[in-house]
Amino acid sequence: MFISNLEIMTGKKVIKHLGLVQGSSVRAKHAGKDIMAGIKNMFGGELKAYTELLHESREEATSRMIEQAESIGANAVLNVRYSTSSITAGAAEIYVYGTAVILDNLGD
Amino acid sequence: MEQLLITIVLVALGYFFGRRAENKHIKSIIEREAVMNQLPAMAGRFPPQNGKYHQQLVSGSVVIANDYFKTFVAGLRNLFGGKITAYETLLDRARREAVLRMKQEAQSLGAELIFNVKYETSNISGQYNKRMPVIEVHAYGTALMEYSTK
């Protein structure tokens with residue numbers, strides 16, 4: 001599965017457009033981590049626990065999008081966009097969407 | 001009275017540790033940027049169509065928090081309006097760090113260029129300290145790699 005946020009795949013032709021595919025994931029933080037982050041907050045700096053959490057969340061959303069694209073027979077997703085929104089205090093939603101397409105000569 | 005004392009202690013701690021951490025971070029960003037400049041990231045949407053490259057999505061993200069002192073100063077600043085330098089440097093650091101992480105991922109794949117770089121900034125303040133800004137910056141783009149490096 002090829003994923004790209006460009007509209008074209010270099011050196012390959014789009015045979016068929018299959019429409020929009022998407023994936024999303026909502027994650028809340030572990031309360032313990034939240035408290036640790038709160039302490040860290042006093043001094044500023046990076047909150048590694050949150051960085052990891054959002055990274056995992058983004059990977060999950062992406063894998064859901066890929067699943068959907070595979071189920072409709074696509075072999076690439078182009079023009080991928082991410083969006084993040086905090087729904088409530090302590091939880092964030094990651095949403096990823098793109099256009100599923102079929103590309104030719106993916107063998108090389 | 002106790003409340004005031006706690007605030008003063010927090011502001012003082014934020015001032016000393018926050019400033020030290022920020023200076024260290026900026027220094028490390030500048031160092032790493034000098035190294036990473038060989039891998040240009042650009043906002044162009046149309047990559048070279050000569051069949052030499054294949055592409056893959058790369059991304060980098062960072063969650064960063066302001067220290068107590070800066071939040072306090074920014075709160076005062078809010079009364080009068082005007083430029084809030086405390087937040088400007090925070091966002092600047094976060095963006096540059098996110099791009100550096102994206103470039104690191106691209107470099108580990110053997111990329112030569114990164115196209116169509118997009119930034120995404122969101123406020124994800126937690127359950128505690130709702131007034132403390134916690135900011136996430138996510139940078140993503142398409143890395144172009146030469147076929148021979150595959």
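Interface remark: A/Leu6 contributes backbone and side-chain atoms alike to the contact with chain B (heavy atom separation under 4.5 Å). Interface residue B/Glu120: only side-chain heavy atoms are found under 4.5 Å from chain A. The contact between A/Arg58 and chain B is made entirely by side chain atoms (from C-beta outward), counting heavy-atom distances below 4.5 Å. For A/Thr62, no part sits under 4.5 Å from any heavy atom of chain B, backbone or side chain. When heavy atoms are compared at a cutoff of 4.5 Å, B/Ser61 approaches chain A by way of both its backbone and its side chain.
No more than 12 heavy atoms of other residues, nucleotides or ligands sit less than 6.0 Å from atom CZ of B/Arg20. In the displayed structure, B/Arg19 atom CZ is contacted under 6.0 Å by at most 12 heavy atoms of other residues, nucleotides or ligands. The number of heavy atoms from other shown groups lying within 6.0 Å of CZ (B/Phe17) does not exceed 12. In this structure, B/Lys118 places its NZ atom where more than 12 heavy-atom neighbours from other residues, nucleotides or ligands lie under 6.0 Å away.
Residues B/Tyr53 and A/Thr10 come closest through the heavy atom pair O-OG1, 2.9 Å.
A/Glu46 pairs with exactly one of B/Arg101, B/Arg93, B/Lys24 by the salt bridge (Lys or Arg N to Asp or Glu O under 4.0 Å) rule, that one being B/Arg101.
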Review point. Can you check side chain to side chain contact (heavy atoms under 4.5 Å, CB included) on A/Leu47 and B/Ile64, steps first, answer last?
Key: CA-CA 6 Å; A/Leu47 308 176; B/Ile64 205 167; over 6 Å; no
Check your understanding: Where do B/Leu57 and A/Tyr82 land on the side chain to side chain contact (heavy atoms under 4.5 Å, CB included) test, with the steps shown first?
Key -> CA-CA 12 Å; B/Leu57 196 71; A/Tyr82 286 97; 3.7 Å; yes
Point to revise | Evaluation steps, side chain to side chain contact (heavy atoms under 4.5 Å, CB included), between A/Phe2 and B/Gln55 | key: CA-CA 8 Å; A/Phe2 279 77; B/Gln55 57 195 53; 5.6 Å; no
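B/Ile29 is not connected to B/Val99 by any chain of hydrophobic side-chain contacts under 4.5 Å among Ile, Leu, Val, Met, Phe, Trp and Tyr, and they are in different clusters. Hydrophobic clustering (ILVMFWY, side-chain heavy atoms < 4.5 Å, transitive): A/Met9 and B/Phe115 are in distinct clusters.
With a 4.5 Å cut-off on side-chain heavy atoms, A/Ser4 and B/Thr142 count as touching. Here the side chains of B/Glu136 and A/Leu54 are in contact, with some heavy-atom distance below 4.5 Å.
With hydrogens and angles ignored, the 3.5 Å screen pairs no side-chain donor or acceptor of A/Glu7 with any backbone N or O of B/Arg45.
Ranking B/Ala21, B/Ser59, B/Gly44, B/Pro47 against chain A, the residue ahead of the rest is B/Pro47, based on heavy-atom pairs under 4.5 Å.
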